[in-house]
Amino acid sequence: MTYKPGLLSHNGDTIQYEPTRKFNNLVILSGAHTIGYAHCAHFLTRLYNYMGTRRADPSVDPRLLKALKMSCHDSGGNADIVAPVDVATPFVFDHAYYGNLESNLGVLATDQVLYSDSRSVALVKSLARDKQKFFQKFALAMEKMGSIGVKRGRRHGEKRKDCSIHGYIRKID
């Protein structure tokens, strides 16, 4: 998931965001990471060069770190290698993603920081404890996101071929 600048940006262990309601919805929608995979390139620095230290991110559970390093090598590895974002139940849509964060089993730094930041930890804990609450809140957040108007044209937004590259506007035919 790529976040729009200004809504959520990961800078070490700091989250900067707009109003709480939007942020809570983002935390809830992050639960979609309960299914899916991430390419090693999206978390490699956590394994080998966290914050430029040439060491692993100390917040990563040692068992997860070992498993990820076995698949994702620091150099010369296969760029197509992926790892499940939810290491507990990668093929099930459930609330285990949030429990993973409590156990420092977040594969992506932008996920794990949701548990380490005081402004989101209570919501993460609440969703980790209650599957039905997660399902209910996720459905409402998805419905809300579905009502967002589509931005069209250069004046109102940008259509990206690669969502990780900001400022590139693809010509719409």
Side-chain angles (χ1 to χ4, degrees), residues 1-4 7-15 17 20-51 55-74 77-146 148 162-164:
M1 179 185 309
T2 301
Y3 302 104
K4 183 176 179 181
L7 182 58
L8 174 76
S9 59
H10 178 247
N11 179 7
D13 284 333
T14 302
I15 296 178
Y17 58 90
T20 302
R21 185 174 36 120
K22 289 181 183 179
F23 180 71
N24 284 348
N25 283 335
L26 188 135
V27 173
I28 293 162
L29 291 171
S30 292
H33 286 177
T34 188
I35 52 175
Y37 294 83
H39 285 268
C40 294
H42 293 287
F43 56 86
L44 208 57
T45 56
R46 289 191 81 204
L47 308 181
Y48 297 101
N49 193 20
Y50 180 69
M51 306 283 287
R55 298 188 188 280
D57 179 344
S59 73
V60 178
D61 179 272
R63 295 166 297 153
L64 176 62
L65 182 63
K66 182 178 178 180
L68 292 174
K69 282 185 169 186
M70 287 174 58
S71 298
C72 302
H73 303 283
D74 59 343
N78 183 339
D80 294 330
I81 301 292
V82 294
V85 182
D86 177 346
V87 298
T89 58
F91 304 110
V92 179
F93 187 83
D94 61 12
H95 68 310
Y97 159 83
Y98 296 103
N100 291 341
L101 301 181
E102 289 182 308
S103 301
N104 290 322
L105 296 172
V107 173
L108 301 172
T110 53
D111 288 341
Q112 190 60 55
V113 76
L114 297 176
Y115 186 73
S116 63
D117 191 281
S118 62
R119 294 165 288 187
S120 53
V121 67
L123 180 56
V124 170
K125 286 180 177 183
S126 172
L127 296 171
R129 284 190 307 269
D130 190 339
K131 184 193 287 189
Q132 291 309 314
K133 182 176 186 176
F134 165 65
F135 288 156
Q136 179 187 21
K137 288 191 173 290
F138 187 84
L140 290 172
M142 283 295 289
E143 186 177 332
K144 190 176 286 186
M145 186 173 69
I148 296 171
D162 182 342
C163 291
S164 65

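Throughout, numbering of the chain's residues begins at 1 and tracks the sequence.
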Nearest atoms (heavy-atom pairs only) where [X] meets [Y]:
X    : Y    : value
L114 : F23  : CD2-CZ, 4.4 Å
H95  : L127 : CD2-O, 3.3 Å
V27  : S120 : CG2-CB, 4.1 Å
P58  : Y50  : CD-CD2, 3.8 Å
V107 : P84  : CG2-O, 3.5 Å
A128 : E102 : CB-OE1, 3.4 Å

I'd like to check [X] versus [Y] (side-chain heavy atoms, cut-off strictly below 4.5 Å). Are they in contact?
X   : Y   : result
F43 : C72 : yes
K69 : Y48 : yes
I81 : H39 : no
S59 : R46 : yes

Heavy atoms from other residues, nucleotides or ligands near NZ of K125 exceed 12 (cutoff 6.0 Å): no
Approximate separation, where rounding is to 0.5 Å, of [X] [atom1] and [Y] [atom2]:
X    : Y    : atom1 : atom2 : result
S103 : R63  : OG    : CZ    : 7.5 Å
L47  : L64  : CG    : CG    : 8.0 Å
K133 : L123 : NZ    : CG    : 7.0 Å
L65  : L105 : CG    : CG    : 11.5 Å
L29  : N24  : CG    : CG    : 11.0 Å

Is it the case that the side chain of [X] and the backbone of [Y] share a donor-acceptor pair, with hydrogens and angles ignored and the cut-off at 3.5 Å?
X    : Y    : value
Q112 : L101 : yes
S126 : A122 : no
Y98  : G31  : yes

Using the ring of each side chain (for Trp, its six-membered ring), is Y37 parallel, tilted or perpendicular to F91, with breaks at 30° and 60°? tilted
Non-neighbouring partners of [X] that pass side-chain hydrogen bond (donor to acceptor under 3.5 Å, both in side chains), sequence neighbours left out:
X    : answer
N25  : none
R129 : none
D86  : T34, T89, N100

Criterion ring pair (Phe, Tyr, Trp, His ring centres under 6.0 Å) on Y97 and F134, from CA distance to verdict: CA-CA 11 Å; Y97 159 83; F134 165 65; 8.1 Å; no
